[in-house]
Enquirer: 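What follows is a structure written as structure tokens; I'll ask about it next.
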Amino acid sequence: MCKISGLTYSHISMYYFCMARAATTSDAFNAVAEPRRRDILNYLALQERPVGDIVVALAMEQPSVSKHLRVLKDVGLVRARREGRQIVYSVNADAIRPLHEWASTFERLWRHQLLKVKERAEEKVKKV
């Protein structure tokens, strides 16, 4: 049990010691928190590819790509199928939908903020 009292803002790092953290392989949101996994998803969004293509295109080591693909596959964001001697990976669009829906909430917010900036700029132009 974690017991902390009399904390100030400067003690914020102490909170992390007591908080349980989800594994990066537990769900899609945690999996895509890793930038290299997002790079792999972006690359696979265009078409399915074997590991070797991903290694070359993203300039990553093969074991690293394989580990990231395993995480993405375990949470359902990519699919794998055998094609001859190679395993070819593709994006699972259905599994990415929740990520898109969540991010679209913020897209609306960003659009609203940009509209406000535009309106303010137009008001300043009118005053001049």
Side-chain angles (χ1 to χ4, degrees):
M1 180 173 171
C2 179
K3 198 171 191 180
I4 302 172
S5 61
L7 292 178
T8 65
Y9 183 75
S10 63
H11 294 100
I12 195 92
S13 64
M14 295 173 81
Y15 286 110
Y16 297 118
F17 175 73
C18 301
M19 292 175 62
R21 294 187 53 188
T24 60
T25 59
S26 64
D27 64 40
F29 290 94
N30 284 318
V32 298
E34 163 59 53
R36 287 174 213 87
R37 291 189 197 122
R38 292 193 305 270
D39 292 342
I40 291 170
L41 286 172
N42 285 335
Y43 186 64
L44 292 175
L46 301 175
Q47 70 182 58
E48 62 182 8
R49 312 228 188 217
V51 174
D53 289 1
I54 300 167
V55 166
V56 171
L58 301 180
M60 295 171 62
E61 297 293 325
Q62 189 276 327
S64 179
V65 170
S66 293
K67 287 178 185 177
H68 288 306
L69 284 168
R70 187 175 322 121
V71 170
L72 293 170
K73 186 177 175 225
D74 287 349
V75 299
L77 293 176
V78 298
R79 293 184 179 127
R81 68 176 182 81
R82 185 162 291 281
E83 187 175 277
R85 294 177 60 196
Q86 292 183 325
I87 297 176
V88 180
Y89 292 87
S90 61
V91 170
N92 179 0
D94 291 335
I96 290 179
R97 182 172 285 122
L99 298 170
H100 172 71
E101 290 170 354
W102 178 78
S104 68
T105 302
F106 297 97
E107 184 179 347
R108 288 189 294 272
L109 173 67
W110 297 323
R111 262 196 233 125
H112 179 71
Q113 294 299 324
L114 288 173
L115 183 61
K116 282 182 171 181
V117 169
K118 179 184 174 196
E119 289 171 355
R120 288 183 193 142
E122 289 172 349
E123 286 176 20
K124 286 186 177 187
V125 170
K126 287 179 185 177
K127 289 181 182 179
V128 175

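These values consider heavy atoms only, across backbone and side chains, with no hydrogens, waters or symmetry-generated copies.
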Enquirer: Just verifying a value: how many Å separate His68 NE2 and Met60 CE, rounded to the nearest 0.5 Å?
Expert: 4.0 Å
Enquirer: Are there more than 12 heavy atoms of other residues, nucleotides or ligands under 6.0 Å from atom CZ of Arg36?
Expert: no
Enquirer: Can you tell me if Ser66 uses its side chain to pair, donor with acceptor, with the backbone of Pro63 under 3.5 Å?
Expert: no
Enquirer: Determine yes or no for a side-chain-to-main-chain donor-acceptor pair under 3.5 angstrom, with Arg49 supplying the side chain and Ile54 the backbone.
Expert: no
Enquirer: Is there side-chain contact between Leu44 and Leu69, with heavy atoms separated by less than 4.5 Å?
Expert: yes
Enquirer: Measuring only between side-chain heavy atoms, which start at C-beta, is Val65 closer than 4.5 Å to Leu58?
Expert: no
Enquirer: Any idea which heavy atoms bring Gly76 and Ala95 closest together, and the distance?
Expert: O-CB, 3.0 Å
Enquirer: Could you grab the distance from atom NZ of Lys127 to atom CD of Glu123, nearest 0.5 Å is fine?
Expert: 6.0 Å
Enquirer: Tell me whether Val56 shares a hydrophobic cluster with Val51, the cluster being built from Ile, Leu, Val, Met, Phe, Trp, Tyr side chains joined at under 4.5 Å.
Expert: no
Enquirer: Can a salt bridge be assigned to the pair Asp94 and Arg97 using a cut-off of 4.0 Å between side-chain N and carboxylate O?
Expert: yes
Enquirer: Just how far is it from atom CG of Leu109 to atom OG of Ser104, taken to the nearest 0.5 Å?
Expert: 11.5 Å
Enquirer: Look at the side chain of Arg38 and the backbone N and O of Ala33, then say whether any donor-acceptor pair between them is shorter than 3.5 Å.
Expert: yes
Enquirer: Linking I/L/V/M/F/W/Y whenever their side-chain heavy atoms sit closer than 4.5 Å, directly or via other members, would Tyr43 and Val91 fall into one cluster?
Expert: yes
Enquirer: One thing to verify: whether Glu107 and Arg111 come together as a salt bridge, which I'm taking to mean a side-chain N less than 4.0 angstrom from a carboxylate O.
Expert: yes
Enquirer: Is the number of heavy atoms from other residues, nucleotides or ligands within 6.0 Å of CD (Glu61) greater than 12?
Expert: no
Enquirer: As a quick check of understanding, evaluate side chain to side chain contact (heavy atoms under 4.5 Å, CB included) for Ile87 and Arg82, giving each step before the final call.
Expert: CA-CA 4 Å; Ile87 297 176; Arg82 185 162 291 281; 3.8 Å; yes
Enquirer: To the nearest 0.5 Å, what is the distance between CG on Asp27 and CG on Leu77?
Expert: 9.0 Å
Enquirer: Using side chain to side chain contact (heavy atoms under 4.5 Å, CB included), reason through Leu41 and Leu99 one step at a time and then give a plain yes or no.
Expert: CA-CA 12 Å; Leu41 286 172; Leu99 298 170; 5.6 Å; no
Enquirer: Under a single-linkage definition using a 4.5 Å side-chain heavy-atom cutoff for Ile, Leu, Val, Met, Phe, Trp and Tyr, are Phe29 and Val75 assigned to the same hydrophobic cluster?
Expert: yes
Enquirer: Rounded at 0.5 Å granularity, tell me how far CG in Leu115 sits from CZ in Arg120.
Expert: 10.5 Å
Enquirer: Grab the two heavy atoms, one from Gln62 and one from Val55, that are nearest each other, plus how far apart they are.
Expert: CA-CG2, 3.5 Å
Enquirer: Measure the spacing between CD of Gln86 and CG of Asp53 and express it to the nearest 0.5 Å.
Expert: 7.0 Å
